[in-house]
Each structure stands twice: as C-alpha cells, then as structure tokens.
Amino acid sequence: MKTVRIDTPSRSYPVHIADNMLDRAGELAAEHVGICKAAIITDNIVDGLYADKLENSLRKSGFDTVKFVIPSGEKSKNAENFLLILNFLAENGLSRPDAVFALGGGVVGDIAGFAACVYLRGIKLVQIPTTLLAMIDSSVGGKTAIDLSSGKNLAGAFYQPNIVICDCSALETLDYEQRANGFAEIIKYAVICDKELFEGLKVPKSLDISDIILRCVEIKRDIVTADERDTGRRQILNFGHTLGHAIEKLSGFTLAHGKAVSIGMAIITKACENAGICENSCYNELVQMLNRYSLPSKTSHTQESLFNAAISDKKRKGEKITLVLPEKIGRCFLKTMSLSEMREIIKLGI
Ligand code: GLY
C-alpha cells in the first residue's frame with residue numbers, strides 16, 4: 001500500500017493507494033473516524049459494482065451502515081439531491097461522531113463531501129474514489145460543491161476528508177471516456193510541474209497506474225498544503241481549464257471534461273508558443289502526448305464564441321482573469337490579464 005500524507009491547515013489525513021482496498025476499507029477507516037454509523041453515498045452504477053464490497057468490509061469492522069444512491073452523472077450534482085442526502089442523514093439519525101462515505105467519482109465525492117460539511121455543521125468524511133480522475137484530483141484537497149442553474153460548482157465549501165482510500169482495482173471497470181478524463185488531468189499535472197512524469201507518459205505500456213496516482217497525489221499535496229483555499233498557487237491546477245470549461249459549456253456539456261481540458265491546454269500552449277512565452281517544441285510535444293491517449297487538441301469554435309464563454313468563468317474577477325501559462329513542459333505560471341489580452345491569447349491559440 002502506498003500512502004501520501006496531506007497536511008493542510010484545517011486537517012491532516014492519509015491518501016492510501018493500492019489494489020483491493022475496498023476489502024480493507026473498514027479497518028482503515030476505523031483508524032481515522034472510529035467505529036460509527038456510516039452513511040454510504042454512491043451512484044446507481046457504482047452501487048451495482050462496489051457498494052456490497054464496501055458494506056461488507058465496514059460491517060466486518062463493526063460499522064453500522066446505511067446507503068443513499070443518486071443517479072450517475074453530472075446532472076445529479078444539484079441542490080435537490082443535496083437536500084435529499086441531508087434529509088437522509090437526519091432521518092437515519094446520523095450524529096456528529098458519524099461519517100459520510102463517498103463511494104464513486106467526482107460527482108459523488110463533491111455532493112457527499114458538501115453534505116458532510118453542512119450536516120450538523122460538519123461530520124466525518126471518508127472519500128473512496130472509484131474513477132481515475134477522482135483518485136488523482138477531486139477526492140484530495142477538500143473542494144466540495146454542487147452545481148447551480150447558473151453554472152458548475154457554484155455552491156460549495158472547502159472541507160477536507162478524514163481519509164482517502166483509492167482502490168486501483170476499481171479502475172478495471174472504467175469506460176474509455178472516464179479513463180480519458182483521468183489521463184487528461186494526469187497530462188495536466190505533468191505539464192504544470194513534472195517533466196519526468198511527462199517523459200514516463202510517453203511509454204504507456206511501462207506505466208504502473210498506482211505509481212502515477214501516487215505522483216499526482218504528491219503534486220496535489222504540495223500545491224494544496226501551500227494554498228488550501230485556492231487564493232494563489234492552487235490556481236496552477238486550472239491549466240487548460242478556463243478554455244476547457246468554455247468548450248464544455250459550448251458543447252452543452254456533451255463533451256467530456258477531460259477532452260475539453262485537453263483542447264484548452266492545447267490552445268493556451270499554442271498561444272504561448274506563438275507569443276514567445278514558452279519553448280518552441282512545447283505545443284508539438286503536448287499534442288503528440290494528447291494523441292497518444294486519444295485526447296483531442298482542436299476545436300471548431302470561433303475565437304469570439306470561446307472568449308464569450310470563457311469570460312463567464314467563475315474565476316474572472318471584474319475586468320481581469322488569471323490564466324495558467326506554460327513556459328516549458330514541467331513549468332507553468334499564473335498571469336493575471338485584462339479581458340482584451342485574453343482575447344488576443346485565444347486568437348494566437350486557435
Ligand atoms: N481540481 C482543482 C483543485 O482542487 O483545486
């Protein structure tokens with residue numbers, strides 16, 4: 001078992017990574033939340049695959065379990081399901097010493113994490129991510145949220161879990177799209193700060209997925225421990241995301257997040273190369289890497305529609321927006337610019 005310890009100002013917790021971890025979830029969780037009532041929150045797909053395993057493991061360790069299932073997919077991350085979860089916790093008599101177990105991908109982790117934060121002003125939280133993306137990103141660092149009709153993740157809180165348990169065996173049932181979503185974010189980590197990881201990703205057959213997850217979680221640890229509340233350095237994790245979110249939105253959320261972020265990373269890298277900000281080979285190297293993982297690098301949207309969709313990003317502050325710009329593979333930096341500068345950047349990138 002590989003373990004990364006996350007020490008944020010608000011909480012310290014381990015992220016455990018290995019195969020067959022669901023069988024050990026009860027024993028591992030007991031060390032960090034104590035034996036208590038466990039409210040498992042999951043989605044209808046993960047429920048059929050892994051909930052029994054988790055329940056058996058928890059019961060064997062002495063936990064009393066109850067379970068709430070939401071429909072799979074981003075549409076479920078809404079205020080209605082959020083209230084249903086809170087009422088479920090109340091109806092089942094969950095109290096302060098009890099725990100929410102978020103079993104699933106980013107949607108489940110975000111909505112269940114937010115419910116754990118709000119219910120009784122905060123009960124314990126165990127994140128058990130089952131997708132690659134959730135293992136390397138959303139389960140770590142304490143961002144929890146639901147979507148509002150005006151946009152994604154508009155209501156939420158920073159609420160760190162008590163423990164994160166990554167069962168790499170769960171990745172065997174991931175479909176192509178979910179795997180691609182994960183690899184887009186892994187490539188993002190490599191470009192923002194790890195050239196060695198980037199080189200490793202060039203030989204997919206040689207990869208041990210638990211090593212990759214470990215490395216990404218270590219990178220995220222370094223970033224969130226320095227800036228838990230996303231006021232500075234943590235924004236580096238948004239590489240490719242401002243344009244990625246714009247492309248996702250323009251597709252009516254039919255394009256997967258990972259694919260949209262891939263295109264966002266490619267546009268911004270091409271722009272930086274054309275503006276002389278980053279090394280000349282950067283864009284080609286990135287596009288080759290995205291191709292290797294069957295991820296796209298181009299969009300048919302116009303400069304103006306991308307710009308208009310991008311300026312409604314929640315990270316925009318008045319007439320300024322902060323973008324993550326690459327200098328070379330393995331190094332990016334934050335640049336706050338005017339909206340007209342951003343329009344020029346988009347022009348250089350498409
Ligand atoms: N997913 C980006 C962050 O946790 O800040």
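Whatever order the structure lists them in is the order used to number ligands and atoms, beginning at 1. Side chains are part of it too, since the values below use all heavy atoms of this structure and drop only hydrogens, waters and symmetry mates.
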For atom 5 (O) of ligand 1, the protein heavy atom that lies nearest, with its residue and separation: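 Of every protein heavy atom, R234 NE, 2.7 Å lies nearest to atom 5 (O) of ligand 1.
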For the student: nearest non-hydrogen atoms of M265 and L286, plus distance: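 Scanning both residues completely, I find the closest heavy atoms to be O-CD2, 3.6 Å.
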Minimum heavy-atom distance A157-C117, with the two atoms named: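 Closest approach of A157 to C117, heavy atoms only: CB-SG, 3.7 Å.
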Spatial distance of atom OH (Y119) from atom CG (N87) [nearest 0.5 Å]: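 Answer rounded to 0.5 Å: 9.5 Å.
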Side-chain H-bond candidate by donor/acceptor type, D7 with S12, under 3.5 Å: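 Indeed, the side chains of D7 and S12 share at least one donor-acceptor pair under 3.5 Å.
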Pick from E185, K220, H241, E228: the one approaching atom 4 (O) of ligand 1 most closely through a non-hydrogen atom: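 Comparing heavy atoms across E185, K220, H241, E228, the nearest one to atom 4 (O) of ligand 1 lies in K220.
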D137: numbered ligand 1 atoms lying under 4.0 Å from its heavy atoms: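 Answer, ordered by atom number: 1 (N), 2 (C), 4 (O).
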contact_flag Q235 ligand 1 heavy-atom lt 4.0 Å: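 Contact check Q235 vs ligand 1: negative.
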